[in-house]
Novice: 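Sharing a structure, written as structure tokens. Questions coming.
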Amino acid sequence: MTPAGLATPTAAGKVLDVLGAFGTEARQFTLSAIARRSGLALSTAHRVVAELVAWGALERGDDGLYRIGLRLYEVGALAPRGVALRDAAMPFMEDLYEITHEVVQLGVREGTELVFTERLAGRSSVGVHTQVGLRFPLPASGAGLVLLAFAPHDVQEAVLGGPFQAFTSKTITDPALLRTRLAEVRRSEIAVSEGQVTLDSLSVGAPVRDPSGAVVAAVSIVVHAGAQDASLLAPLVLTAARGISRSLAGSPALRQARAYPTSLRTRRESS
């Protein structure tokens, strides 16, 4: 039963609740687990899941567990912010990987979080917690520091207001120190994060800009801490970021994608 004061979920809302039950930390569930995580009655979850399976958004394995289906992946691949950036970024990311054979990542900001949209890594690369599609706090990583440094003022203040997630003893959790670090990133266009996510990793990030000069993504490299000097990696990462930015020049798909979150937010706030 819907609690008093809350609107009855729409059909679309129920579908989104079911899809929202899945995440990077847990990717397959029983029907009862989906119902519990989505907040829907079991009978409602059963009906919605059956429709999603028929359409291809969900798949049911031989073990009876439900997973995200290939059809949903195909639709998601049509998102301009993902496709336009990936097409522009991959040649430069591949070049950076071939030079270093280290982890190379591309990320975008979604609200106050970092979302990784592409990643290249080899067997000898440093182990990282990141993966494509994973949401991550902005302050800790090189890519996240870049995106936070060039984010709108209200986003920066929301993050600086905490709380902060400390991954290691080196993770910055002091708002004043983080504010100083962000100013340095804006000045140099390079972000260095050493030991903040894992003590054995060093991340160097740089901004990717659209034709208007706005920062729309960040490219970063992650290496073993102490194995390489950040000052030597910075020019490589900055060169890759600027190459991606040049390839985005005149991209209507990226301009549309960049405008979409703002227009969507405006419609939601006015509804």
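All heavy atoms count here, side chains included; hydrogens, waters and symmetry mates do not. When a residue number appears, it is its place in the shown sequence, counting from 1.
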Novice: Using side-chain heavy atoms (C-beta onward) and a distance below 4.5 Å, is Val219 in contact with Val146?
Specialist: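 Side-chain contact under 4.5 Å: no.
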Novice: Just verifying a value: how many Å separate Gln105 CD and Leu114 CG, rounded to the nearest 0.5 Å?
Specialist: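 Nearest 0.5 Å value for the CD-CG distance: 8.0 Å.
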Novice: If we only count heavy atoms from C-beta on, is the Ser169 to Leu199 side-chain gap below 4.5 Å?
Specialist: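 A side-chain contact exists here, since the closest heavy-atom pair is under 4.5 Å.
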Novice: Can you hop from Leu42 to Phe29 via hydrophobic side chains spaced under 4.5 Å?
Specialist: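 Leu42 clusters together with Phe29.
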Novice: Are Tyr66 and Val53 close enough that some pair of their side-chain heavy atoms sits under 4.5 Å apart?
Specialist: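 In short, these two side chains touch, coming nearer than 4.5 Å.
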Novice: Find the distance between CG (Asp200) and CD (Glu194) and round it off to the nearest 0.5 Å.
Specialist: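 Reported to 0.5 Å precision, the distance equals 10.5 Å.
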Novice: Residues two or more places apart in sequence or in another chain: which of them pass ring pair (Phe, Tyr, Trp, His ring centres under 6.0 Å) with Phe92?
Specialist: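 With neighbours one apart ignored, the set is empty.
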Novice: Quick check: closest heavy atoms across Ala121 and Val103, and the distance to 0.1 Å?
Specialist: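 In this case the closest contact between Ala121 and Val103 is CB-CG2, 3.9 Å.
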Novice: Within the distance-only criterion (no hydrogens, no angle test), does the side chain of Thr168 pair as donor or acceptor with the backbone N or O of Gly195 below 3.5 angstrom?
Specialist: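 Pair found, side chain donor or acceptor close to backbone of Gly195.
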Novice: Counting only N and O atoms by type, is there a donor-acceptor contact under 3.5 Å from the side chain of Gln196 to the main-chain atoms of Ile172?
Specialist: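 Checked: pair present.
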Novice: Do Phe164 and Pro175 have side chains that approach each other closer than 4.5 Å (heavy atoms only, starting at C-beta)?
Specialist: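 They are in side-chain contact.
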Novice: For the side chain of Arg181 and the backbone of Val192, is there at least one donor-acceptor N/O pair under 3.5 Å apart?
Specialist: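 Present.
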Novice: Honestly curious: do Leu65 and Val49 fall in one hydrophobic cluster under the side-chain, below-4.5 Å linking rule?
Specialist: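 Different clusters.
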Novice: Can you find a heavy atom in the side chain of Leu52 that is under 4.5 Å from one in the side chain of Val18?
Specialist: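 With C-beta onward as the side chain, the pair touches.
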Novice: Quick one, Gln156 and Leu148 - any side-chain contact, counting heavy atoms below 4.5 Å?
Specialist: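 Yes; the side chains approach each other to less than 4.5 Å.
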Novice: Quick one, Ile68 and Leu58 - any side-chain contact, counting heavy atoms below 4.5 Å?
Specialist: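 Yes; the side chains approach each other to less than 4.5 Å.
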Novice: With no hydrogens and no angle check, is any side-chain donor or acceptor of Thr44 less than 3.5 Å from a backbone partner on Leu40?
Specialist: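 Judged by distance alone, no pair lies under 3.5 Å.
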Novice: Would you find a donor on one side and an acceptor on the other, under 3.5 Å apart, between the side chain of Glu59 and the backbone of Leu70?
Specialist: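 Present.
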Novice: Does any N or O in the side chain of Ser38 come within less than 3.5 Å of the main-chain N or O of Asp17, such that one atom is a donor and the other an acceptor?
Specialist: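 No: the side chain of Ser38 does not pair with the backbone of Asp17.
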Novice: Identify whether Leu177 and Val197 are in the same connected component of the hydrophobic contact network (ILVMFWY, side-chain heavy atoms under 4.5 Å).
Specialist: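 Yes, it is one cluster - the side chains of Leu177 and Val197 are joined through contacts under 4.5 Å.
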Novice: Nearest heavy-atom pair of Ala149 and Val185: which atoms, and what distance?
Specialist: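 Answer, listing the atom of Ala149 first, then Val185: CB-CG1, 3.7 Å.
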Novice: Out of curiosity, Asp210 CG to Leu248 CG, how far, rounded to the nearest 0.5 Å?
Specialist: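 If we round to the nearest 0.5 Å, Asp210:CG and Leu248:CG are 7.5 Å apart.
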Novice: Can Val223 and Leu233 be said to form a side chain to side chain contact (heavy atoms under 4.5 Å, CB included), step by step?
Specialist: CA-CA 10 Å; Val223 304; Leu233 294 171; 3.8 Å; yes
Novice: Of all heavy-atom pairs between Val237 and Ser220, which one has the smallest distance, and what is that distance?
Specialist: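 What the structure gives for the nearest pair is CG1-CA, 4.4 Å.
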Novice: Got a second to check how far Thr30's OG1 is from Asp63's CG, nearest 0.5 Å?
Specialist: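 Here the rounded value is 10.5 Å.
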Novice: Let me confirm one number: the CZ-OG1 distance from Arg135 to Thr112, rounded to the nearest 0.5 Å.
Specialist: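 Atom-to-atom, Arg135:CZ and Thr112:OG1 are 9.0 Å apart.
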Novice: What are the two closest heavy atoms between Pro152 and Arg109, and how far apart are they?
Specialist: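 Looking at all heavy atoms of both residues, the closest pair is CD-NH2, 3.4 Å.
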Novice: With the threshold set at 4.0 Å, does a side-chain nitrogen-carboxylate oxygen contact exist between Glu51 and Lys14?
Specialist: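 So Glu51 does not pair with Lys14 through a salt bridge.
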Novice: What pair of heavy atoms forms the shortest contact from Ser203 to Gly142, and how long is it?
Specialist: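 Minimum heavy-atom contact is OG-N, 3.3 Å.
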Novice: Leu182 and Leu145: side chain to side chain contact (heavy atoms under 4.5 Å, CB included), yes or no, with the steps?
Specialist: CA-CA 7 Å; Leu182 295 178; Leu145 281 171; 4.1 Å; yes
Novice: Check whether any side-chain N or O of Arg67 sits under 3.5 Å from a backbone N or O of Gln28 as a donor-acceptor pair, and report yes or no.
Specialist: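 Looks like no, no N/O pair under 3.5 Å.
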Novice: Give a yes or no on whether the backbone of Glu118 and the side-chain of Arg86 come within a donor-acceptor separation of less than 3.5 Å.
Specialist: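 Side chain of Arg86 to backbone of Glu118, a donor-acceptor pair under 3.5 Å: no, none is there.
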Novice: Would you say Thr180 and Glu184 make side-chain contact, with heavy atoms under 4.5 Å?
Specialist: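 Yes; the side chains approach each other to less than 4.5 Å.
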Novice: What closest approach, in Å, do Phe22 and Ile34 show between heavy atoms, and which atom pair accounts for it?
Specialist: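 Residues Phe22 and Ile34, closest heavy atoms: CZ-CD1, 3.8 Å.
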Novice: Counting distance only, does the side-chain N/O of Arg242 pair as donor-acceptor with the main-chain N or O of Ile244 below 3.5 Å?
Specialist: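 The answer is no, because no donor-acceptor pair under 3.5 Å joins these two groups.
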Novice: Is it the case that one hydrophobic cluster holds both Met93 and Ile99, taking links as side-chain heavy atoms less than 4.5 Å apart, direct or via other members?
Specialist: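 Yes: a chain of side-chain contacts under 4.5 Å links Met93 to Ile99.
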Novice: To the nearest 0.5 angstrom, please state how far the CG atom of Leu120 sits from the CG atom of Leu96.
Specialist: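 Answer rounded to 0.5 Å: 9.0 Å.
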Novice: Verify, without hydrogens or angle tests, whether Arg209 (side chain) and Pro207 (backbone) share a donor-acceptor contact under 3.5 angstrom.
Specialist: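 Side chain of Arg209 to backbone of Pro207: no pair is present.
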